[in-house]
Amino acid sequence: MTEPFRYDGPAPLVGAVGPSSPPPAPCSPTGPSAVAAPGRAPARPGELSATAEAAVRGYLRHRPDATVVALGEGLGTGFGRLDNGRLTWLSVLPTADAAARRMVLPDGPRRRTVARTGPGADWPALVGPVERGVVVAVSGAPAGTLRELLGVCAAHFPGGALVVDALPWWAAALALPARLHPGVAAVRTRPLAADGRSGPRPVVCAVRFAARAAR
């Protein structure tokens, strides 16, 4: 069995919308405002950039029946852009935000929203069977949470993937040593498109986890 990553204590799960965050601005679930310009981070909290969605889409090309776990996406509409007709979409949010999302984007046969009960790493139990593949996607993970997120995904989702969007370049560098761990198959980073500001650009970090060897 693959040894899970170690991390320094519990940390709040990333969430663009949370109990202490202001409510998202009213928006239509569809339309031009829901789509980011190529490579750029979208303005809507919790929405993935086009670069991050491309990484998720790359995983789905090989595992079309996989579960996409969107952490803290708020009123994100990624399901409509990434749906291949076969995937299962699981949006994980704090209780109040989950209820708000269901009002705007009701659950369907392959898309559902679930509430996590606390700030720790209890959400993997909500994912269900992982044999068809799991790709976890999150926008803007705090650096202190990244190591925990890597450890949780490596332990629970062998053969899966983690896509972390809009990381500061120095935070993304924390994930690069993970490629030395036997539970990790690959770590890749790609900068977002330039937005006119000076300095290093935020990056998308995509981690593929090794499949667990059959016993």
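These numbers were taken from a predicted model, which means no experiment stands behind them.
- Minimum heavy-atom separation, Val204 to Ala166: CG2-N, 4.4 Å.
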Quiz item: Going through the checks in order, is the side chain to side chain contact (heavy atoms under 4.5 Å, CB included) test met by Leu150 and Leu162?
Solution: CA-CA 8 Å; Leu150 283 165; Leu162 170 66; 3.9 Å; yes

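- Counting only heavy atoms from C-beta outward, the side chains of Val138 and Leu149 approach each other to under 4.5 Å.
- With sequence neighbours excluded, no residue forms a side-chain hydrogen bond (donor to acceptor under 3.5 Å, both in side chains) with Arg132.
- When all heavy atoms of Ala137 and Val56 are compared, the pair lying nearest together is CB-CG2, 4.2 Å.
- With contacts defined as side-chain heavy-atom distances shorter than 4.5 Å, the pair Thr113/Leu105 does not qualify.
- Heavy atoms only, all atoms of each residue included: Pro94 and Arg116 are closest at CG-NH2, 3.5 Å.
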Practice problem: Check step by step if side chain to side chain contact (heavy atoms under 4.5 Å, CB included) holds for Arg101 and Ser91. | Solution: CA-CA 9 Å; Arg101 178 178 171 85; Ser91 181; 3.4 Å; yes

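- Two residues are said to be in side-chain contact when any heavy atoms from C-beta on lie closer than 4.5 Å; Arg188 and Cys205 fail this criterion.
- Taking Arg110 as the reference, Phe79, Asp83, Leu87 meet the side chain to side chain contact (heavy atoms under 4.5 Å, CB included) condition, with sequence neighbours excluded.
- Counting only residues at least two apart or on different chains, the salt bridge (Lys or Arg N to Asp or Glu O under 4.0 Å) pairs with a member in residues 54-69 are Asp65-Arg86.
- Arg111 pairs by the salt bridge (charged side-chain N to carboxylate O under 4.0 Å, His left out) definition with nothing, not counting sequence neighbours.
- Looking at heavy atoms from C-beta onward, Val136 lies in side-chain contact with Leu71 at the 4.5 angstrom threshold.
- Of the candidates Leu60, Val134, Thr88, Leu90, Val68 forms a side-chain contact (heavy atoms from CB on, under 4.5 Å) with just one, namely Leu60.
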Exercise. Go through Cys153 and Val207 one step at a time and tell me if the side chain to side chain contact (heavy atoms under 4.5 Å, CB included) criterion holds.
Key: CA-CA 10 Å; Cys153 291; Val207 181; over 6 Å; no

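- Nearest heavy atoms, Arg208 versus Ala161: CD-CB, 3.8 Å.
- In this view, Thr67 satisfies the side-chain hydrogen bond (donor to acceptor under 3.5 Å, both in side chains) rule with no residue, not counting sequence neighbours.
- Contact annotation: the side chain of Val69 never approaches that of Trp89 to less than 4.5 Å [non-hydrogen atoms, C-beta and beyond].
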Quiz item: Should Glu53 and Leu82 be marked as a side chain to side chain contact (heavy atoms under 4.5 Å, CB included) after you check the CA-CA gap, both sets of side-chain angles, and the distance that decides it?
Solution: CA-CA 7 Å; Glu53 288 189 350; Leu82 293 170; 4.0 Å; yes

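- Side-chain atoms of Thr77 do not come within 3.5 Å of backbone N or O of Gly80 as any donor-acceptor pair.
- Between Trp123 and Val152, some side-chain heavy-atom pair lies under the 4.5 Å cut-off.
- Heavy atoms only, all atoms of each residue included: Leu126 and Ala115 are closest at CD1-O, 3.9 Å.
- Checked against side-chain hydrogen bond (donor to acceptor under 3.5 Å, both in side chains), Asn84 has no partners two or more places apart in sequence or in another chain.
- The two atoms that bring Leu192 and Arg201 nearest to each other are O-NH1, 2.9 Å, heavy atoms only.
- If you check the side chains of Thr51 and Arg190, you find no donor sitting under 3.5 Å from an acceptor.
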